[in-house]
Amino acid sequence: DTLQACTLELATLGDLKLVEKPQPIVLAPNDFANIKANVKVASTENGIIFGNIVYDVAGSTSDRNVVVLNDIHIDIMDYIVPATCTETEFRSMWAEFEWENKVSVNTTWPTSPRT
């Protein structure tokens with residue numbers, strides 16, 4: 001049977017975010033497909049990706065079929081490796097991500113010195 005509207009549905013837990021949903025595809029009998037999905041990582045905390053494959057069978061009047069996939073547990077530290085860079089490269093990268101390091105602080109200072 002041909003699988004129509006075959007979709008990989010993904011959900012994340014932790015500081016992971018799915019960048020875009022994979023597009024539905026049609027799979028002919030004995031066919032296969034490779035589907036890639038990009039996940040944005042916001043911290044070094046562990047995360048989990050949950051997934052389902054949802055599809056319709058051509059000519060069938062039944063409800064959608066669902067295959068529940070095993071969870072993928074991700075430890076971001078497994079993918080971080082020491083590296084070196086020049087001072088110029090470091091300053092350039094730091095400037096690029098400097099907005100992540102800024103914190104707004106609002107305070108009121110006394111208008112007269114304390115005695």
Side-chain angles (χ1 to χ4, degrees):
D1 293 333
T2 299
L3 305 183
Q4 296 182 334
C6 188
T7 306
L8 174 62
E9 295 179 345
L10 298 172
T12 60
L13 181 65
D15 282 341
L16 303 174
K17 181 181 176 185
L18 186 64
V19 176
E20 62 183 46
K21 286 177 64 172
Q23 295 298 311
I25 58 173
V26 175
L27 288 175
N30 299 314
D31 201 1
F32 71 93
N34 291 317
I35 300 173
K36 293 184 181 182
N38 292 319
V39 176
K40 181 178 180 181
V41 178
S43 76
T44 57
E45 292 182 15
N46 295 347
I48 303 173
I49 300 174
F50 305 96
N52 298 319
I53 297 174
V54 182
Y55 62 93
D56 295 321
V57 176
S60 174
T61 58
S62 66
D63 289 337
R64 295 186 59 117
N65 300 287
V66 178
V67 177
V68 179
L69 304 174
N70 288 339
D71 302 344
I72 302 171
H73 294 259
I74 297 177
D75 183 354
I76 301 305
M77 294 305 291
D78 290 343
Y79 301 93
I80 297 177
V81 294
T84 59
C85 63
T86 67
E87 182 178 343
T88 304
E89 291 169 330
F90 176 81
R91 290 185 184 280
S92 173
M93 289 185 280
W94 184 264
E96 182 179 340
F97 296 110
E98 186 177 1
W99 61 270
E100 295 180 6
N101 302 311
K102 290 184 179 178
V103 177
S104 297
V105 177
N106 295 322
T107 184
T108 56
W109 292 94
T111 55
S112 60
R114 290 186 180 177
T115 54

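Numbers here are sequence positions counted from 1.
Residue N70 qualifies as open at atom CG: its count of foreign heavy atoms under 6.0 Å is 12 or below. Environment of CZ in R91: sparse, with no more than 12 heavy atoms of neighbouring residues, nucleotides or ligands closer than 6.0 Å. Open room surrounds CD on E87; 12 or fewer heavy atoms of other groups in view lie less than 6.0 Å from it. Shown here is D1, whose CG atom has no more than 12 heavy atoms of other residues, nucleotides or ligands within 6.0 Å.
Hydrophobic cluster membership differs between L18 and V54, with clusters built from Ile, Leu, Val, Met, Phe, Trp and Tyr side chains linked at under 4.5 angstrom. With hydrophobic clusters built from ILVMFWY side chains whose heavy atoms lie under 4.5 angstrom apart, V67 shares a cluster with I25.
Among all heavy-atom pairs drawn from C6 and L27, the shortest one is SG-CD1, 4.0 Å. Of all non-hydrogen atoms in R64 and A5, the two that sit nearest each other are NH2-O, 3.3 Å. Taking both residues in full, the closest heavy atoms of D15 and S43 are given as OD2-OG, 2.7 Å, listed atom of the first, atom of the second, then distance.
Test L8, I35, T7 against I53 for side chain to side chain contact (heavy atoms under 4.5 Å, CB included) and you get one pass: L8.
With a 4.5 Å cut-off on side-chain heavy atoms, D71 and H73 count as touching. For the pair V57/L3, a side-chain contact is recorded, criterion being any heavy-atom separation below 4.5 Å from C-beta on. With a 4.5 Å cut-off on side-chain heavy atoms, Y79 and I74 count as touching. Contact annotation: the side chain of M93 approaches that of C85 to within less than 4.5 Å [non-hydrogen atoms, C-beta and beyond]. In this structure, V39 and I49 have side chains that are in contact, with non-hydrogen atoms separated by less than 4.5 Å. Using a 4.5 Å heavy-atom cutoff, the side chains of F50 and L69 are not in contact.
Judged purely by atom type and a 3.5 angstrom limit, D75 uses its side chain to pair as donor or acceptor with the backbone of M77.
Here CG of N65 is found 12.0 Å from CG of N52. Values are rounded to the nearest 0.5 Å. Within the model, atoms OG1 of T2 and OH of Y55 stand 12.5 Å from one another, a figure rounded to the nearest 0.5 Å. Atom-to-atom distance recorded for L16:CG and L10:CG is 11.0 Å, nearest 0.5 angstrom.
Residues that satisfy the side-chain contact (heavy atoms from CB on, under 4.5 Å) test with V19, not counting sequence neighbours, are N38, K40.
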